[in-house]
Amino acid sequence: MSLEGQPHHNAHLTPPSVCRILDANLDRAREGIRIVEEWCRFGLNNAELTNTCKQMRQELGRWHSAQLRSARNTPDDPGVDLTHPREERRENVEQVLQANLCRVEEALRVLEEYGKLYDPDLGRACKQMRYQVYTLESNFLADQRQQKLKQASLYLVTSPSDRLFEVVEAALQGGLTLVQYRDKDTDDVTRLNTAQKLKHLCHDYGALFILNDRVDLALAIEADGVHLGQQDVPISFARQLLGSQRIIGRSTTSPEEMRRALAEGADYVGVGPVYATPTKQDKTPAGLDYVRYAAERCPIPWFAIGGIDMNTLPQVFEGGATRVAVVRALMQAEQPTLVTQYFLSQLAWINRMRRRDEQG
Ligand SMILES: Cc1ncc(COP(=O)(O)OP(=O)(O)O)c(N)n1
Ligand SMILES: Cc1ncsc1CCOP(=O)(O)O
Ligand SMILES: [Mg+2]
């Protein structure tokens, strides 16, 4: 029966083998969606995404008629024992989700094509759901990125170094979750190759990868986002190219620059330089007053930057910072894993204190 209680259009003409295909793929699609739904509900606490998944599952359930279920013939199915070794290993939640979204999209495509032989409405419904899954995947990726950004307290901005990959990997091993590739002096071929490799490295550790200055390269290598200063392209321009799913950060040195960055839709801001720094010699320090202003007024994630190391960290905390970005403190560290762990433990402590104060 169709959704309206009418017999399915071509049900009586549909060969048993096609019914088996439809039965298997209705199951496959529903199982995959269920796996995604559990993460939307318990991992992201996102009611809207959870509901979208639930509605799709219910719709697929309604199409799963007794006729299709009775076509099942598991003992004679040669595909039952076939698994790819990659299916048995998942490194993180993202891989689980990616694999299952892919499975759902494939199953819906199969349902769309073979479903036309059973009932044209099934083909149409599955096509619509497939597009819904694509949208879900985009929203989902965007949500994941924003969550990771919110949770990041330490931000490594790289500088050119013979030990670039070694330092970044050591810091990732120490628990770093946010990296920006910054090299003002190299050529674009090197930049592109290095960015590509760093992105893979960061993603292997589940960290976000941001590119400094260059929207075009960020787009080309599918980075998680871009960092733009006051002299770089406007946020609206970057947003047009990168869409709403990717992260856009903006440097700010004053309340006015912060106000504009917020109005333009930045996802996070850099606040500084807090102190004078040889890494950015031409920039006048904004000082701790601006850090205090950010602590009072900034509604989005903000990272104090400029001259921050283990010695200045306590003052930056006193100014109200709960997130910091560093270049030299990590790029020049002899033991970047240990330094990362030290920063992260101090940041976790200050964040606990702040939350306790906020709760009274
Ligand atoms: C996190 C963060 N904050 C500030 C900056 C500086 O950006 P910008 O002012 O564009 O200067 P350059 O880094 O491009 O020299 C940053 N990169 N990251
Ligand atoms: C890129 C940048 N933007 C403001 S300060 C700064 C450099 C910070 O470098 P360091 O952490 O070595 O002082
Ligand atoms: Mg810049």
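Read the numbers this way: they start at 1 and go in the same order the structure lists the ligands and their atoms. For this chain, numbers begin at 1 and follow the sequence in order.
- Ring-centre distance between Phe209 and His200: not below the 6.0 Å cut-off.
- Residues Lys184 and Asp213 are paired through a salt bridge, judged by an N-O separation under 4.0 Å between the basic side chain and the carboxylate.
- For the pair Arg214 and Asp188, the salt-bridge criterion is met [side-chain N within less than 4.0 Å of a carboxylate O].
- The immediate protein surroundings of ligand 1, defined as residues with any heavy atom under 4.0 Å of it, consist of Tyr155, Gln180, Arg182, Lys184, Asn212, Asp213, His227, Gly229, Asp232, Ser251, Gly270, Lys280, Lys283, Ile305.
- Glu264 has a carboxylate O that lies under 4.0 Å from a charged side-chain N of Arg250, or vice versa, which qualifies the two as a salt bridge.
- Classification of Glu106 and Arg109 as a salt-bridged pair fails, no side-chain N sitting under 4.0 Å from a carboxylate O.
- Arg323 places no side-chain N or O within 3.5 Å of a backbone atom of Pro301 that could act as its donor or acceptor partner.
- For Asp213, the N, O or S atom closest to the Mg ion (ligand 3) goes by the atom name OD1.
- Ion pair Glu112/Arg130 flagged as a salt bridge, since at least one NZ, NE, NH1 or NH2 atom sits closer than 4.0 Å to an Asp/Glu carboxylate oxygen.
- In summary, Glu31 and Arg28 do not engage in a salt bridge, as defined by a charged side-chain N under 4.0 Å from a carboxylate O.
- The pair Arg292-Asp289 meets the salt-bridge criterion, with a side-chain N (NZ, NE, NH1 or NH2) lying under 4.0 Å from an Asp/Glu carboxylate O.
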Under 3.5 Å, N/O to N/O: give me all the pairs between ligand 2 and the protein, one per line with atom names and distance.
residue	atom	partner	partner atom	Å
ligand 2	9 (O)	Thr279	OG1	3.3
ligand 2	11 (O)	Val327	N	2.9
ligand 2	12 (O)	Thr279	OG1	2.6
ligand 2	12 (O)	Arg328	N	3.0
ligand 2	12 (O)	Arg328	NE	2.7
ligand 2	13 (O)	Thr277	OG1	2.6
ligand 2	13 (O)	Gly307	N	2.8
ligand 2	13 (O)	Arg328	NH2	3.0

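- Restricting Asp232 to its N, O or S atoms, the one at the least distance from the Mg ion (ligand 3) is OD2.
- The existence of a salt bridge linking Asp23 and Arg20 is excluded, since no basic side-chain nitrogen approaches an acidic carboxylate oxygen closer than 4.0 Å.
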